[in-house]
2 protein chains.
Amino acid sequence: MYDIFQKYLEEKTELTQAESERIQSFAIIKKLRKRQYLLQEGDVWKYDAFITQGCVRTYTVDDKGSEHVNSFSIENWWTGDRESLMTQQPSRFNIDAIEDTELVLFTHENFELLCREIPAFNNMVNAILQRSFIAAQNRIQASLTLTAEEKYLNFVNKYPGFASRIPQTMIASYLGMTPETLSRIRKQTAKK
Amino acid sequence: MYDIFQKYLEEKTELTQAESERIQSFAIIKKLRKRQYLLQEGDVWKYDAFITQGCVRTYTVDDKGSEHVNSFSIENWWTGDRESLMTQQPSRFNIDAIEDTELVLFTHENFELLCREIPAFNNMVNAILQRSFIAAQNRIQASLTLTAEEKYLNFVNKYPGFASRIPQTMIASYLGMTPETLSRIRKQTAKK
DNA sequence: GTAAAAACTTGATTTAGATCAAGAGTTTTA
DNA sequence: TAAAACTCTTGATCTAAATCAAGTTTTTAC
């Protein structure tokens, strides 16, 4: 559990013993069963959340009741709704577990305190944000330029392992297509 | 020119006289004529760029020669290719001026130096990045959930003034539809 | 261990938006 | 200020992917 986050910190940044302990002192360990919610639409998100084990999805539900998957997050990634966190407005998103999942949570207040106290931690957080932004830009670019088939191949290539772990329906939704279309694409590409 | 950036800084952050002067000492003023490139595909992007006047677009060109607009940036916004800046790899993007444009540039080395020297400046930069990330997430969400018409109405609502300033072809491309489709949508919505 | 519920596949049909084409405005440039 | 080069509009046609529908396989839960 926590040791996975500890290892992540060691890889990403240089901390003194005291700083590491300070961070750990604020950590909240949370476990989710498959299908359990981490965040429900309408609630305000108040944490910074790191996944040590498992997989969650972030999605919205439209007025027709269809789900639209915004993102998947697995171990060694962060999750949450940054907009709700920043604005303290109710979230439009749901986050739930696709598998049994373990997380390390920090209340945002404590997290900000750590950022202020520990410059190396703050730098790490900013570097993650940079990368998240770049990934989001690339996803926008892909959605504008690629066909359904290209989107799927691009996804499999970029996130190997996801395709076998996450139900096709959810991947289809993430890619902005129907499950039927994805099923047909998979059949076709398997031939080649 | 620079005074517009100065005013922006004053609104977004609290700086001492000395800090303001330090920032200004690194500023490079750049002017672009309409259609002039700020960045061309294949070049490495090396700046942090703030627009004081005008409008630029960031876009890619696919193998069929079609342009895909990734973003528009106007006065009081930042522009550039963060991925190329971070990785120092050739950019996939072109950035050019839609109108005559004036910018304040900082080489990324100087910019990082300012971030290290001036905590308030660093905080401002991180806050901008947060907002950019949230905007990117919302755009992804819109592209997954909205129809062509809804995308256009959402765009007009979110960025009033852009529609009158930017050629429709480019807006259509930004929204991921053809100019013909956008023309028909505008005709229909004008009726209502 | 089996019934119920999800998840996936496959086919037939529909549709939103793309493509092709041609004319009317509008800007640019020389 | 005229011609060239864009930009926008409108109509006809096409197509990628959606929708509808029904059957099969896999997973979940008692």
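Everything numeric here is computed off the predicted structure, so don't read it as measured data. Sequence lines set the chain letters: A, B, ... in the order given, protein chains first and strands last, and positions in each chain run from 1.
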Please check the phosphate of [N] (OP1 and OP2 only) for any side-chain N or O of [X] closer than 4.0 Å.
X: B/Ser183; N: D/dT10; value: no
X: B/Thr147; N: C/dG17; value: no
X: A/Lys187; N: C/dT10; value: yes
X: B/Gln168; N: D/dT9; value: yes

Margin query: Salt bridge or not between B/Arg57 and B/Asp96? Use side-chain N to carboxylate O under 4.0 Å.
Written below: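 Between B/Asp96 and B/Arg57 there is a salt bridge, with a charged N closer than 4.0 Å to a carboxylate O.
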Report the distance from atom [atom1] of [X] to atom [atom2] of [N], rounded to the nearest whole Å.
X: A/Ile166; N: C/dA6; atom1: CD1; atom2: C1'; value: 17 Å
X: A/Glu180; N: C/dA12; atom1: CD; atom2: C1'; value: 13 Å
X: B/Arg165; N: C/dT27; atom1: CZ; atom2: P; value: 16 Å
X: A/Met177; N: D/dA16; atom1: CE; atom2: P; value: 14 Å
X: A/Leu182; N: D/dT19; atom1: CG; atom2: P; value: 15 Å

Check: Any donor and acceptor pair, going by atom type alone, linking the side chain of A/Ser143 with main-chain N or O of B/Leu144 inside 3.5 Å?
Finding: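 No; zero donor-acceptor contacts below 3.5 Å.
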Note to self: Need one value for A/Lys151: base, sugar-phosphate or nothing, where a base atom within 4.0 Å counts as base even if backbone is also close, heavy atoms only.
What the structure shows: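 Here A/Lys151 touches no strand at all.
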Note to self: Using a 4.0 Å heavy-atom cut-off, does A/Thr178 contact any base of the nucleic acid, only the sugar-phosphate backbone, or nothing at all?
What the structure shows: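 Result for A/Thr178 = base.
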Check: Taking the six-membered ring of A/Tyr159 as reference, does the NZ or CZ atom of A/Arg165 fall below 6.0 Å from its centre and within a 45° cone about the axis?
Finding: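 The answer is no; the distance or angle limit is not met.
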Notebook entry, point to check: When you check the side-chain N and O atoms of A/Thr145 and B/Asp62, is any donor under 3.5 Å from an acceptor?
Noted result: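 The criterion, which ignores hydrogens and geometry beyond distance, is not satisfied for B/Asp62 and A/Thr145.
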